[in-house]
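Notes follow once the structure below has been shown.
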Amino acid sequence: MASLTGAKYPPNLDDGLEKDNLAQAIKDWSIAHGLAVRPPPVIGGDDPHGILAMNAPVTLFPSPFPRSCFEEAKSIQTTYNALYASISRDAGFLGELVQEIAGGDDFITNLWDVYLRVKREGYVQTLDLGLFRSDYMVHQDGDALQIKQVEFNTIASSFGGLSGQTSLLHEHLAQNIYPLLKDSHALPPLDLPVNESAKGLAAGLKAAFDAYGKSELGHPTCVLFLVQGGERNVFDQRHLEYALQSSSSNIPVFRLPFSEILERTSIEDSSPKRQLLYHLPTNPAKVFEAVVVYLRAGYGPGDYPDASAWEARYQIERSAAIACPSVLTQLAGMKKVQQVLATPEGNGAAPTALRRFIPLQEEAQLNGLLRTFTNIFPLDSTPAGQEARRLATDSEQCKKYVMKPQREGGGNNFYRIAIPAHLKTIPEEHWGSYILMELITPPPLTNTILRNGELEQGGVICELGIYGTCLWDQTTGHILHNEEAGYLLRTKGDQSEEGGVAAGFGCMDSVTLV
Ligand code: ADP
Ligand code: MG
Ligand code: MG
């Protein structure tokens, strides 16, 4: 690490021409290669025809990342995929956790109810697809560097489309632009791993598409991307779509706003198989059988403004389409699950919940997972929860922690002294719907971020995400596909608590291995 965190890397650029030149190269390459987002909506509408794109925020240089940490994160991904497939199959385990947080969290209760409704009538599709992303930060303990998991995403894991493009951008700069910098002789050789995240995620979708097989009703088959209205991160999603439509697979993909599910889809009544039919808006007589439904929406309460939105989710869940994810797989991604996996039962023994999902003979896998855990505590009324409540409400102790509700998408957590302040606003019997997690403090790095055309230079914190794709049978547990699928590096200013790019805190980055 040391060689790349010194004054030489990333290099100090001359203010003015040199910085402008590099920024200009990034601006143009990004638009030319779809490393872009839609502009934010402006009241009155600056883009009434929806034709504008702008650069995704990005670092000027790839950030140094310890090779051993990067390799460890990649190599454990298929174990994580299989672990979360097992968790998703264990409705008893998930149901207990849902009960524990239900009082303080209607959203989770409503999701669980969708599962129960479909279970009562019987699931017609037993295959489940996960497009996962496991997120880490590097934790420094003395000289030792170790990846620690921030969270595991089981729904709408984003930026797989843009992250591959960011790797390509930095490779382009390394070959063509950095050598022209004034102190380029001081630049260390960069080691930029190949990152085919869009291809990897598309391969997961294709595995599910192929496993479903042909339409028995004689319709053409398709993949649906369920999206949010007004989505700005649309090119990220399009990269996956284009990878699916490439000449080797050529799979029809349609983008369907979550709010239009009931209008555009129906379930085939004449068949007990409950095929999901998609009716083209431009030509409603043209019907496709939707065989995979990929959710880039539906992960938070905002997408369920009324009862009909829940009916829409129920329609997807009870249909024959392979949902990515199903309700149980989405629930497996609750922060509560991560906490229960990480909390040891007394005297430092391996967490019992983890033992439940990892076969006894797989000791190496178990230890590999344990190495990536950091301390996470419940905030319930158990002895461990009582101790955590004491830490969370202490004005000094709380500074080591982040408190998280069961939410996705960024911007939902409480940090340090905001923890006791927030706890004061909720009844104590609902504290159990949050978890308390030790803050991971990565080694200090610097970089420059190009955001909205402005350069921000300073200390940064990097978060590595590893994508994984998994297709399994909920009933038998048979795994049909299990792959690691590329990576994401997100970087934020070290004064910012949150790191989400879409939430406006972080930016795209790539690794140079050191
Ligand atoms: P979300 O599902 O909303 O993305 P996360 O658990 O990833 O929630 O938290 C959001 C952000 O908060 C992360 O991207 C990271 O920047 C920061 N964060 C979360 N947990 C920790 C932690 N234990 N240590 C340091 N930062 C954290
Ligand atoms: Mg998340
Ligand atoms: Mg996150």
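These values consider heavy atoms only, across backbone and side chains, with no hydrogens, waters or symmetry-generated copies. It should be emphasised that the depicted structure is a prediction, and the values quoted were computed from it without experimental measurement.
Applying the 6.0 Å contact sphere to CD1 of I417 captures no more than 12 heavy atoms from other residues, nucleotides or ligands. Counting heavy-atom neighbours within 6.0 Å of K404 NZ, excluding the residue itself, gives a total above 12.
Donor-acceptor pairing under 3.5 Å is lacking for the side chains of Q245 and R238. For the residue pair D183 and N12, no side-chain donor N or O sits within less than 3.5 Å of a side-chain acceptor on the partner. For the residue pair Y467 / S134, no side-chain donor-acceptor distance below 3.5 Å is found, with atom types taken as modelled. A side-chain donor from one of T329 and D128 sits under 3.5 Å from a side-chain acceptor of the other. Judged by distance alone, the side chains of T265 and H279 never bring a donor and an acceptor atom under 3.5 Å apart. A side-chain N or O of H422 and one of Y434 form a donor-acceptor pair less than 3.5 Å apart.
Two residues are said to be in side-chain contact when any heavy atoms from C-beta on lie closer than 4.5 Å; L129 and V292 meet this criterion. N452 has its side chain out of reach of P57: every pair of non-hydrogen atoms, C-beta onward, lies at least 4.5 Å apart. Here the side chains of N153 and D135 are in contact, with some heavy-atom distance below 4.5 Å. Side-chain contact between F258 and V227 is absent, with no heavy-atom pair separated by less than 4.5 Å. At least one side-chain heavy atom of V58 sits less than 4.5 Å from a side-chain heavy atom of H170. With contacts defined as side-chain heavy-atom distances shorter than 4.5 Å, the pair F159/S197 does not qualify. Side chains of T512 and S63 form no contact here, defined as non-hydrogen atoms less than 4.5 Å apart. The side-chain heavy atoms of K74 and E71, taken from C-beta on, include no pair separated by under 4.5 Å.
Checked against the 6.0 Å centroid threshold, F132 and Y80 do not count as a close aromatic pair. Checked against the 6.0 Å centroid criterion, the rings of F414 and Y401 do not qualify as a close aromatic pair.
Summarising the geometry of L192 relative to V511, their closest heavy-atom pair is CD2-O, 3.4 Å, with the distance given to 0.1 Å. In this structure, T491 and C462 approach most closely via the heavy-atom pair OG1-SG, 3.3 Å. The minimum heavy-atom distance between F288 and T221, with the atom names listed, is CD2-O, 3.9 Å. Shortest non-hydrogen contact noted between L240 and A198 is CD2-CA, 3.6 Å.
K336 NZ to I108 CD1: the interatomic distance, rounded to the nearest 0.5 Å, is 12.0 Å. Going from atom CG of N250 over to atom NZ of K206 covers 10.5 Å, rounded to the nearest 0.5 Å.
Side-chain atoms of S75 come within 3.5 Å of backbone atoms of E72 as a donor-acceptor pair (strictly under, hydrogens ignored). Checking side-chain atoms of D306 against main-chain N and O of S308 turns up a donor-acceptor pair under 3.5 Å.
Here D509 does not pair with R490 in a salt bridge; the nearest charged N to carboxylate O distance is not below 4.0 Å. With salt bridges taken as basic N to acidic carboxylate O contacts below 4.0 Å, one links K335 and E408. Ionic pairing of E456 and R451 is present here: one or more N-O contacts between side-chain nitrogen and carboxylate oxygen are shorter than 4.0 angstrom.
For Y487, the ring pair (Phe, Tyr, Trp, His ring centres under 6.0 Å) partners are F70, not counting sequence neighbours. Among residues two or more places apart in sequence or in another chain, the ring pair (Phe, Tyr, Trp, His ring centres under 6.0 Å) test is passed with F107 by Y304, W310. A search for ring pair (Phe, Tyr, Trp, His ring centres under 6.0 Å) contacts involving Y415 returns nothing, not counting sequence neighbours.
With respect to K148, the side-chain contact (heavy atoms from CB on, under 4.5 Å) criterion is satisfied by exactly one of T441, T372, I440: I440. With R255 as reference, Q237 is the one residue of E241, Q237, E231 to meet the side chain to side chain donor-acceptor pair (under 3.5 Å) rule.
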Output, in order, the C-alpha distance, side-chain angles, deciding distance and verdict of side chain to side chain donor-acceptor pair (under 3.5 Å) for D20 and Q24. CA-CA 6 Å; D20 291 349; Q24 193 58 50; over 6 Å; no

Before you tell me yes or no, could you show the steps for Y314 and V118 under side chain to side chain contact (heavy atoms under 4.5 Å, CB included), namely the whole-Å CA-CA distance, both residues' side-chain angles and the distance that decides it to 0.1 Å? CA-CA 7 Å; Y314 167 66; V118 180; 3.7 Å; yes

Step by step, would you call Q330 with R313 a side chain to side chain contact (heavy atoms under 4.5 Å, CB included)? CA-CA 12 Å; Q330 178 172 353; R313 181 66 189 266; 2.8 Å; yes

M54 and V37: CA distance, side-chain angles, deciding distance, side chain to side chain contact (heavy atoms under 4.5 Å, CB included) verdict: CA-CA 6 Å; M54 62 186 275; V37 293; 3.8 Å; yes

When you look at D236 and R296, which way does the side chain to side chain contact (heavy atoms under 4.5 Å, CB included) test go after all the steps? CA-CA 11 Å; D236 178 49; R296 291 295 293 262; 2.7 Å; yes

